[in-house]
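See structure below.
Residue numbering restarts at 1 for every chain, and letters A, B, ... go by the order of the sequence lines. Both backbone and side-chain heavy atoms feed into the values below; hydrogens, waters and symmetry mates do not.
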2 protein chains.
Amino acid sequence: MNISRASDYAIRGLVYMAKQPAGTVCFVKDIAKNTNSPASFMSKIFQTLAKSGIVHSFIGTKGGFTFNVQPENITIKTVIEIIDGPILLNRCAVNKSACNEIDNCDVHYMWADIRKILIKALNAYSIADFAKDKKNNKEVLSEVINF
Amino acid sequence: MNISRASDYAIRGLVYMAKQPAGTVCFVKDIAKNTNSPASFMSKIFQTLAKSGIVHSFIGTKGGFTFNVQPENITIKTVIEIIDGPILLNRCAVNKSACNEIDNCDVHYMWADIRKILIKALNAYSIADFAKDKKNNKEVLSEVINF
DNA sequence: AAAATATAAGACAAATTTTATCTTAATTTG
DNA sequence: CAAATTAAGATAAAATTTGTCTTATATTTT
């Protein structure tokens, strides 16, 4: 029950970009250095982010990456799904046809339920939230939502 | 961002047990058969569950497993943590010392926040909930909690 | 006491996923 | 043309997950 290192790197890389002046073209080399991640791995990750459309890539000298979608509109859920694929939790969380017990699965509704909650939480934070002053980065949701 | 097959099997196995008359001693062989899981793998899983104390094991002819904790008091979170270990989400979710950016981690609070919500959701369902009539097994939380 | 049955424990192994790395190509700038 | 940078894909190392197998131990039945 963890996110991948790759998603973690992606989020940190995008946060680094969001901290630069708007429109700055960022090199993978710098993104990697500032997030303590392997440059070659980060390069792969940003290729994937570029293919998804949330960042734009420029080849050549002075090439690099810029945001193609505003950091305010890139949620944590978006990033995780681009890098790791859909959030399923277990095999039968989304549709019954994927469940090996088909119509008779006991835990189907539970996982669908927990998945909904998790996705809402992951969508509640955007990349832009982390480029702001850190003292605002408190545990917002879990204080507001008491269940 | 998935739970392991092992946790899935564990939950299904415990649900199967909860459906039997209270106090029934269940064989791994039967638990595995009724959950479409490999018996030898399920055996390992139940060893772990027994070591944790939530089930009791009996060796020998007529041996097997019974609940040691009431199914009402075994939550999904409990099972997942027994089988897969603590729910962390990312490396810095729990304590800052585990974070590679130490005092300067941008995403620390977010992950701690999302983790809290997820754990609450996983604790909201118990094994006993799935032994009941299936039409009660609707998506309860996500309808109640609107955030 | 012996035979049958079931879990315990741990070594072993296969499969899958994650985490990279490396090389070659393509593109842009100067 | 030279330098810098991403693109793409092959490859590989490492870690984790998913299982299997064997031997031991305990219990019940005969």
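- The residue from I74(A), D84(A), L122(A), I3(A) that alone fulfils the side-chain contact (heavy atoms from CB on, under 4.5 Å) condition with V79(A) is I74(A).
- Looking only at distances, a side-chain donor or acceptor of T48(B) sits under 3.5 Å from a matching main-chain atom of K44(B).
- Looking at which nucleotide of DNA chain C each of I59(A) and P38(A) is closest to, the 5′-most match is held by P38(A).
- Ranked by how close their nearest DNA chain C nucleotide is to the 5' end, R5(A) and F58(A) are led by R5(A).
- Backbone-only contact: K29(B) has heavy atoms under 4.0 Å from sugar-phosphate atoms and none from a base.
- Regarding M42(B), its CE atom lies at a distance of 12 Å from the P atom of dT7(C), rounded to whole Å.
- Ranking dT7(C), dT27(D), dA8(C) by closeness to the V28(B) side chain, first place goes to dT7(C).
- Regarding I45(A), its CD1 atom lies at a distance of 9 Å from the C1' atom of dT19(C), rounded to whole Å.
- When each of G63(A) and K44(A) is assigned the nucleotide of DNA chain D bearing its nearest heavy atom, the one mapping closer to the 5' terminus is G63(A).
- F65(A) comes within contact range of the sugar-phosphate backbone alone, with a heavy-atom separation under 4.0 Å but no base atom that close.
- Spacing between atom CG of N36(B) and atom P of dT18(D) amounts to 16 Å, rounded to whole angstrom units.
- Side-chain atoms of I87(B) and K77(B), non-hydrogen and from C-beta on, do get closer than 4.5 Å to each other.
- Counting any heavy atom pair closer than 4.0 Å across all strands shown, F27(B) reaches sugar-phosphate atoms only and no base atom.
- S40(A) comes within 4.0 angstrom of a base, heavy atoms only.
- Counting heavy atoms from C-beta outward, F67(A) and T24(A) have side chains that stay 4.5 Å or more apart.
- Rounded to whole Å, atom P of dT18(D) lies 10 Å from atom CG of D8(B).
- Remark: P of dA20(C) and CD1 of I83(A) are 14 Å apart, rounded to the nearest angstrom.
- Closest to the side chain of A50(B), out of dA8(C), dT29(C), dG19(D), is dA8(C).
- In this structure, K51(A) atom NZ and dA7(D) atom C1' are separated by 9 Å, rounded to whole Å.
- The separation between F41(B) atom CZ and dA11(C) atom P is 18 Å, rounded to whole Å.
- Nucleotide dA6(C) holds its P atom 11 Å from the NZ atom of K33(B), rounded to whole Å.
- For Y9(B), a side-chain nitrogen or oxygen approaches OP1 or OP2 of dG19(D) to under 4.0 Å.
- Aromatic ring orientation, Y125(A) versus F130(A): parallel (interplanar angle below 30°, classes split at 30° and 60°).
- Of the candidate nucleotides dA8(D), dA9(C), dA20(C), dA8(D) has the atom nearest to the side chain of Q47(A).
- Here the nucleotide nearest the side chain of K62(B), chosen from dT29(D), dA4(C), dT6(D), is dT29(D).
- Listed nucleotides dT19(C), dA6(C), dA7(D) differ in distance to S57(A); the shortest reach to its side chain belongs to dA7(D).
- Distances from the side chain of T61(A) to the nucleotides dA3(D), dA9(C), dT19(C) place dA3(D) closest.
- Qualifying side chain to side chain contact (heavy atoms under 4.5 Å, CB included) partners for S52(A), counting only residues two or more places apart in sequence or in other chains: I54(A), I82(A).
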